[in-house]
There are 2 protein chains.
Amino acid sequence: MASPRKRLDRDVLVATALALADAEGLAAVTTRRVGQEHGVSPMALYRHFRDKDQILDAIAERLLSEVHLPERDDRVWHAQLHDVLTSLLSVLRPHAAAAGLVTTRILDSPPGLDLAERTLELLATAGFEVEQAAEIASQSLCSMVTLVVTEPGRSQPEAAESRDDAVRGKQASLATLSPEQYPHVVAAAGALASCASDDVYYAHGVELLVAGIRGVHTETHTETLTETQTPAV
Amino acid sequence: MASPRKRLDRDVLVATALALADAEGLAAVTTRRVGQEHGVSPMALYRHFRDKDQILDAIAERLLSEVHLPERDDRVWHAQLHDVLTSLLSVLRPHAAAAGLVTTRILDSPPGLDLAERTLELLATAGFEVEQAAEIASQSLCSMVTLVVTEPGRSQPEAAESRDDAVRGKQASLATLSPEQYPHVVAAAGALASCASDDVYYAHGVELLVAGIRGVHTETHTETLTETQTPAV
DNA sequence: ACCTGAACACCGTTCAAGT
DNA sequence: ACCTGAACACCGTTCAAGT
């Protein structure tokens with residue numbers, strides 16, 4: 001098929017920008033570097049983007065477009081929400097440097113709107129009213145971004161070869177602290193500097209959030225009922 | 001009192017940098033601008049900071065140093081945690097542009113360590129084991145930052161005079177969407193573009209988080225009632 | 001000890017000009 | 001229609017020099 005040239009070029013430029021962010025951090029995404037990667041002057045990009053901010057917008061949209069929303073099914077709403085959030089996480093995790101761009105841009109592109117729509121839909125199913133659903137949805141999606149950006153043991157990609165060094169350094173600096181002044185920080189130095197398993201870290205992050213939503217949910221919706229022990233799973 | 005000149009100067013430079021961020025956004029914090037505000041060459045800053053990154057570190061530390069940790073009392077752990085998180089929020093809220101600096105720098109300065117220490121202490125009181133407490137603490141503190149950075153209706157401070165315009169614009173663009181494709185987003189347009197009350201927005205944000213921690217807490221600790229002992233991990 | 005000026009290698013972006 | 005080159009107003013940072 002004869003692909004439309006213009007559209008193709010733009011996508012390829014965005015892919016280059018994202019690859020630069022992955023390899024060398026967001027600071028490496030400059031009009032000059034992206035152009036250079038295509039053997040082209042920085043000004044050539046201005047055919048496809050109004051300004052640099054639009055390149056960053058496009059990176060965020062690209063990430064969101066790779067989210068594969070799970071099929072709707074008949075499981076309870078929070079199980080489905082769990083999977084939606086996990087699907088976002090799995091897309092962001094390989095792109096830690098660019099992930100932060102998503103926080104403020106979810107509602108700015110169709111793929112982000114799809115994600116927001118599904119999230120709001122599940123919260124509506126649960127019975128949340130619109131305002132509360134909006135707050136919860138935005139906090140939920142942004143929390144996934146934050147999990148990726150602050151993953152313990154992450155450092156700048158420039159120092160990628162020395163990730164272990166960075167972890168050891170962080171751990172060492174925390175271990176240096178006075179155990180009288182910061183007993184719990186010192187005790188948790190290992191967990192704060194790195195994490196035993198990335199998968200477990202992310203699983204816990206999603207669980208914490210979903211547990212919060214369920215907690216707020218029962219607070220809001222069981223006023224009529226009597227005080228319950230543990231809500232059914 | 002004759003104040004130590006050097007220390008004073010550094011603090012005053014940090015205050016200037018923070019003020020610039022508040023007034024014109026983080027992009028306005030440049031060595032040249034900060035120097036200019038003191039009628040001094042950009043190079044004069046290098047007596048007090050190794051490089052620009054240290055200026056950003058110092059801004060984060062300054063913000064964290066303004067957190068006033070509530071006194072310990074005999075209320076249940078999650079009530080105290082709620083207040084700790086709220087005290088962080090109240091410091092960050094007036095400095096939305098700079099707040100994001102805090103996410104990756106909490107463990108890099110004494111005031112941040114104080115905050116982390118208290119948080120971990122409360123989670124230890126609750127009975128969380130060290131690794132889980134570390135994860136929860138970091139996710140909790142970072143969530144407060146995220147709440148501030150993504151507060152609905154926020155826009156760049158350059159456009160501060162037209163904040164209402166930005167909100168209206170956002171709302172209008174969401175209202176333009178197809179109600180068939182994005183029914184819940186369209187229905188929530190108002191809440192997504194702005195928020196009825198900032199105070200309520202933040203209160204809900206903290207509540208969601210604390211509810212999550214309590215949810216994970218009961219999940220983790222109801223099983224141990226039968227086992228009597230917490231299994232070491 | 002503290003600050004400066006000139007310089008370097010970068011930015012994003014404009015504009016007129018090339019093909 | 002698409003791209004370029006030169007230029008502008010900025011960056012962070014170096015280095016040798018001033019006081």
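Naming convention: chains lettered A, B, ... in sequence-line order (proteins, then strands); numbering from 1 in each chain.
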Footprint string (nucleotides 8-19 of chain D, 5' to 3'): B base within contact, S backbone only, - free, heavy atoms under 4.0 Å: ---BBBBB----
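Judged by distance alone, the side chains of B:Glu121 and A:His184 never bring a donor and an acceptor atom under 3.5 Å apart. For A:Tyr182 and B:Asp114, the side-chain atoms include at least one donor-acceptor pair closer than 3.5 Å.
Atom NE2 of B:His38 and atom P of C:dC2 are 16 Å apart (whole Å).
Taken to the nearest 0.5 Å, the CZ atom of B:Arg118 stands 13.0 Å off from the CG atom of B:Leu88.
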Test log, rule side chain to side chain contact (heavy atoms under 4.5 Å, CB included), inputs A:Leu147 and A:Leu209: CA-CA 11 Å; A:Leu147 280 177; A:Leu209 198 85; over 6 Å; no
Where do A:Arg168 and A:Asp165 land on the salt bridge (charged side-chain N to carboxylate O under 4.0 Å, His left out) test, with the steps shown first? CA-CA 5 Å; A:Arg168 254 188 297 275; A:Asp165 288 356; 3.6 Å; yes
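Base pairing analysis places C:dA7 opposite D:dT13; the two distances defining the Watson-Crick or G-U wobble pair are each below 3.5 Å. In a base pair of the Watson-Crick type (N1 to N3 plus N6-O4 or O6-N4) or a G-U wobble (N1-O2 and O6-N3), with each distance short of 3.5 Å, D:dG18 is matched with C:dC2.
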